[in-house]
Asker: 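Pasting a structure below so you can have a look.
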Amino acid sequence: MTERVRHFIRQKIEADNASGKYGGQVITRFPPEPNGYLHIGHAKALCINFGLAEEYGGRCHLRFDDTNPTKEDVEYVEGIKNDIKWLGFDWGEHLYFASDYFEQMAEDARALIRKGLAYVDELSLEEMRAQRGTVTEAGTNSPYRDRPYEESLELFDKMLNGDVAEGSMTLRAKIDMADPNMKMRDPPFYRVMHAEHHQVGDRWKAYPLYDYAHCLEDCYEGVTQSLCSLEFENNRELYNWYLASLGKEHRPEQTEFARLGLTYIVMSKRKLLALVEEGAVVGWDDPRMPTLAGLRRLGVRPQAVREFVEKVGVAKANSTVEYEFFEGLIRKDLEENVPRVMGVVDPVELVIENLPDDHAESFDLSHHPKADLGRRAVPFGKRLWIEREDVALEPPKGWKRLAPGWEVRLYGAYFVTCTGIDVDDDGKVVRVRATYDAATRGGSSPDGRKPKGTIHWVAADGALAVEFRLYDRLFATPDPDAGDWRDNLNPDSLTVTSGYVEPAFGSTAEDVRVQLQRMGYFWRDDDSTADALVLNRIATLRDGWAKAKPAPVKAAPKEKKAPAVSTGPKEAWLSGVEQSLIASAHAAGAHADTAKSIVLNELRRELGGPAVDNLRIEGNELAGLIRLLDEGTINRSAVRPVLEVLLEQPANPADVVAALGLAQVSDTSALSDAVDAALAANPDELARYRGGEKRLMGFFMGQVMRELQGKGDPKAVSAVLREKLG
RNA sequence: UGGGGCGUAGCCAAGUUGGCAAGGCACCGGAUUUUGAUUCCGGAUAUCGCAGGUUCGAGUCCUGCCGCCCCAACCA
């Protein structure tokens, strides 16, 4: 397991726990809509929600957000549950549906209406759109906005009961049609749908919309952390509005994180569905699909998915992870946990000429060089299957495998020397002939000689026939969404071959994964039958040879960001309050430029922005502070703490400096002690400095200043430091 | 164009009171190797989006700008 990064959500949870906001409880939720299968992107949300809950001793609810009956189906409910279980997460008894709460939500909606915070609107879809305004223009109020609440109440019940036509009415929140946040412009939160619901049947004829439903679900369930992806940032204000308007006491908090993007993959449900429907893949669980069902069928272990998500991290920057990164973790997981056997994916016959026809022996080989995964018997005979790509008529430079006259090691068996290669009329290799060296039994020679290469093999006698499905990535380009994604499909995403594995594979458990030596990781596909083995390739091994051959195709350098066109420095804008403060400080004897610098750089820092209304601090106070600076009583770093006090209450800056002990230290002996302490505490750096790394001067300056709690006189410190460092 | 976010190496990503720009992946060397794998050493790679400013010192504070993402569904 990797070391965990204390990312911003962990920090928030810890801060909440420290402040006792939720009494130390951590309750999260994973809220899929049952309208499709989960994909690798969802795995991130899954790991964050379930993982964090587990980590902080809380719990995570599985809640289906089933507020749109026309798009959803129970089929997906079961599929999603399976995928979550496969990843190893457990919701215990906390399985919920948004539809569980429809009664309560309707009651809360009535409360909102009674408070005058919601109304039934009769605008059509088009009218509503037209009246919403644009991002730069305010919308206009609906003519139904101010209808009496009694009327809305009555109409709302009609909506719920199916007494009004679909699309004829909505229930809207009464907020502000001019709000710069479009989500706040009187959003509809109930719409009429005469649809049969997969969970609650035909009980309801109007259903709540996401924003309204989601915050309430969280609230009803006592969720503390509502974690979702970035595109919901704009919705957070609405989330809080509903809860506040309803006067809910329990207030979950929404925090957003960036979703996972992966190269060579499309992740939108729409495209995934198209792939299935257009037959580009066999189904949602096609091993080339980025769905969890697909990854599972491919043979990826859930541990690898979890590790991947943890390693990718959690942040707020949109990002696209290289697929190779995921692939590497899939391999790493298998590398450490899976037995190794031999199998030939594209077989060609090897005949050992100096062995009798009926020769039969067996080797006892280990399943793993490091892990204790047992041993197996591997039969050996005159006729073997070897990999076609391990044979070359004319070996290229750097070749380490079989070629006429070359000697190689058959893994775990003998050295063999190629005596000839038979080809057919098309030049295709049909048979390789060789002689073996009986003295090399087990794979090593008493004379100490070592062949350049080792190849894998399977004895023809007793070999199990296998249909190999060699999967490769579904898309040929790193960004399939660039251009028409259909054009970017990889025509070679699946290669089917007939080959063999050693008989030991037949005795392994059904779900066992193996490394076929030198060929990659494989496991049995569900399409296998008792007499027809089908093996999926989960991942290849890293292949340094393949990489060495073709001219290295360097990734095209990313186009540089357009350099900012500098229009020259612009004068900083000063608010009226700031201007008058500077003016009065100037009148009280301070230099105007210094006053301005402090207002801009320090005051704004304290205030978190420009000062706009009645500032506590006065001109003569600022002037007094500047005087202390000019006199050398304090250094610049003391300005902010003094300002902080001055903003609270009127005071004489000199008194504040005295009270806080901020006076600048320029006394030589005190400085000298501080420098000595800093040098003594950092002997390595001192050695480096004396060895010529002069840039460490800044480092020591920092150490000394820290020693002096920032109060050192920079010039004096620098002088002493220079002297002591030599 | 209004609002909400985000810019640290090819990719992901730490960096929380301003003080030597973490780590992982990829890449390049070398060692080990009965898998051209694994493992182990070592290395290169960053105008911290840009430009000004404050400061002894800025990825971090201030100002201005640039780029990317999200929002104008009765989807979630």
Side-chain angles (χ1 to χ4, degrees), chain A residues 2-3 5-7 11 31 33 35 65 67-68 71 125 128-129 132-137 139 167 170 179-183 185 188 190-193 209-210 214 230-237 256 258 263 311-313 315-322 324-325 328-329 331 335 340 369-370 398 400-401 409 411-412 442-444 450-451 453-456 515 517-519 541-546 548 555 557-558 561-573 597-598 600-602 604-605 635-637 685 688 693 695-696 698-703 705-706 712 714-715 717-718:
Chain A
T2 49
E3 196 176 320
V5 173
R6 211 164 151 270
H7 57 64
Q11 289 176 33
E33 185 187 13
N35 68 346
D65 223 346
T67 56
N68 189 354
K71 291 193 175 175
L125 202 66
M128 200 181 291
R129 187 173 331 197
R132 188 147 29 225
T134 68
V135 288
T136 51
E137 297 162 273
T170 57
D179 199 296
N181 180 356
M182 299 295 292
K183 296 284 178 197
R185 318 249 262 226
Y190 263 90
R191 79 303 211 181
V192 180
M193 284 180 124
L209 261 356
Y210 170 81
H214 204 90
L230 246 33
E231 68 268 26
F232 292 99
E233 280 175 321
N234 296 318
N235 302 55
R236 189 174 58 230
E237 195 181 355
E256 311 86 8
T263 57
K311 286 208 141 168
V312 157
K316 295 197 70 151
N318 286 315
S319 58
T320 306
V321 178
E322 291 168 334
E324 294 84 341
F325 183 57
L329 290 170
R331 280 195 195 106
E335 154 73 29
R340 297 167 189 198
K370 297 194 190 84
K400 293 190 184 179
R401 310 175 187 181
R409 169 165 42 224
Y411 183 91
S444 57
K450 288 186 176 180
T454 301
I455 64 173
H456 59 278
Q515 182 196 109
Q517 300 217 137
R518 308 206 308 132
M519 291 279 89
L541 258 32
R542 281 186 60 178
D543 188 351
W545 172 241
K558 199 177 64 173
K561 284 159 193 159
V565 186
S566 178
T567 52
K570 280 195 182 172
E571 195 63 17
W573 169 84
S597 162
I598 287 179
L600 237 31
N601 289 300
E602 316 292 348
R604 285 196 178 178
R605 169 85 209 270
N635 67 20
R636 185 77 181 216
S637 64
E685 287 74 11
R688 275 161 61 202
E693 249 185 274
R695 68 189 183 97
L696 249 27
F699 165 73
F700 283 113
M701 188 73 192
Q703 295 307 303
M705 282 306 228
R706 176 162 288 177
K715 282 202 186 70
V717 171
S718 172

Asker: If you only use heavy atoms from C-beta on, which nucleotide in B/U55, B/G19, B/G5 is closest to the side chain of A/Glu233?
Answerer: B/G5
Asker: On the nucleotide B/A21, are OP1 or OP2 found under 4.0 Å from the side-chain N or O atoms that A/Arg695 carries?
Answerer: yes
Asker: Answer yes or no: side-chain N or O of A/Arg401 and base N or O of B/G36 forming a donor-acceptor pair under 3.5 Å.
Answerer: yes
Asker: Within the pair A/Arg636 and B/U55, is there a side-chain N or O less than 4.0 Å away from OP1 or OP2?
Answerer: yes
Asker: How many angstroms lie between CD1 in A/Ile455 and CZ in A/Arg401, if you round to the nearest 0.5 Å?
Answerer: 9.0 Å
Asker: For RNA chain B, what dot-bracket results from Watson-Crick or G-U pairs at under 3.5 Å, with [ ] for crossers and | for inter-strand partners?
Answerer: .(((((((.[[[..)...(...]]].(((((.......))))).....[[[[[..)....]]]]])))))).....
Asker: Quickly work out the A/Arg409 CZ to B/G36 C1' distance and round it to whole Å.
Answerer: 13 Å
Asker: Is it the case that B/G5 (base atoms only) and A/Asn318 (side chain only) share a donor and an acceptor within less than 3.5 Å, ignoring hydrogens and angles?
Answerer: no
Asker: Starting the side chain at C-beta, find the nucleotide from B/A13, B/U38, B/C62 nearest to A/Ser319.
Answerer: B/A13
Asker: Would you please confirm or rule out a distance under 4.0 Å between OP1 or OP2 of B/C11 and any side-chain N or O of A/Thr263?
Answerer: no
Asker: For B/U45 and B/C27, measure between their C1' atoms and round to the nearest Å.
Answerer: 9 Å
Asker: Work out how far the P atom of B/G23 is from that of B/A44, and round it to whole angstrom.
Answerer: 12 Å
Asker: Please round to the nearest 0.5 Å and tell me the distance separating atom NZ of A/Lys450 and atom OG of A/Ser444.
Answerer: 9.0 Å
Asker: Nearest to the side chain of A/Pro180, heavy atoms from C-beta on, is which of B/G3, B/C25, B/C12?
Answerer: B/G3
Asker: When you measure from the side-chain N and O atoms of A/Arg132 to the phosphate of B/A73, is any distance below 4.0 Å, counting only OP1 and OP2?
Answerer: yes
Asker: Side chain of A/Met705, heavy atoms from C-beta onward: which of B/C25, B/G19, B/G5 has the nearest atom to it?
Answerer: B/G19
Asker: Whether A/Arg331 contacts B/U39 is assessed here as follows: a side-chain N or O lying under 4.0 Å from the phosphate OP1 or OP2. Is that the case?
Answerer: no
Asker: For the NE2 atom of A/His214 and the CZ atom of A/Phe232, what is their distance to the nearest 0.5 Å?
Answerer: 7.5 Å
Asker: Does A/Arg518 make a side-chain N or O approach to OP1 or OP2 of B/G36 shorter than 4.0 Å?
Answerer: yes
Asker: Among B/U63, B/C6, B/A72, which is the nearest nucleotide to the side chain of A/Arg604?
Answerer: B/U63
Asker: Can you tell me which nucleotide in B/A37, B/G2, B/U54 comes closest to the side chain of A/Val135?
Answerer: B/G2
Asker: Return the nearest nucleotide to the side chain of A/Thr170; candidates are B/G19, B/G36, B/C74.
Answerer: B/C74
Asker: Whether the side chain of A/Glu137 and the base of B/G2 hold a donor-acceptor pair under 3.5 Å is what I'd like checked.
Answerer: no
Asker: Write down the distance between CZ (A/Arg129) and C1' (B/A73), rounded to a whole number of angstrom.
Answerer: 7 Å
Asker: Does the base of B/G5 carry an N or O that pairs as donor and acceptor with the side chain of A/Asn234 under 3.5 Å?
Answerer: no
Asker: What are the atom names and distances for every N/O pair under 3.5 Å that joins the protein to nucleotides 14-16 of chain B?
Answerer:
residue	atom	partner	partner atom	Å
B/A14	OP1	A/Val314	O	3.4
B/G15	OP1	A/Gln11	NE2	3.3
B/U16	N3	A/Gln11	OE1	3.3
B/U16	O4	A/Gln11	NE2	2.8

Asker: Quick check for you: among B/A76, B/U38, B/U54, whose closest atom lies nearest to any side-chain atom of A/Phe232?
Answerer: B/A76
Asker: Which of the following nucleotides, B/A21, B/G19, B/U38, is nearest to the side chain of A/Lys370?
Answerer: B/U38
Asker: Which nucleotide sits closest to the side chain of A/Arg542: B/A72, B/C27, B/A76?
Answerer: B/C27
Asker: Can you tell me, in whole Å, how much space there is between the P of B/C11 and that of B/A46?
Answerer: 13 Å
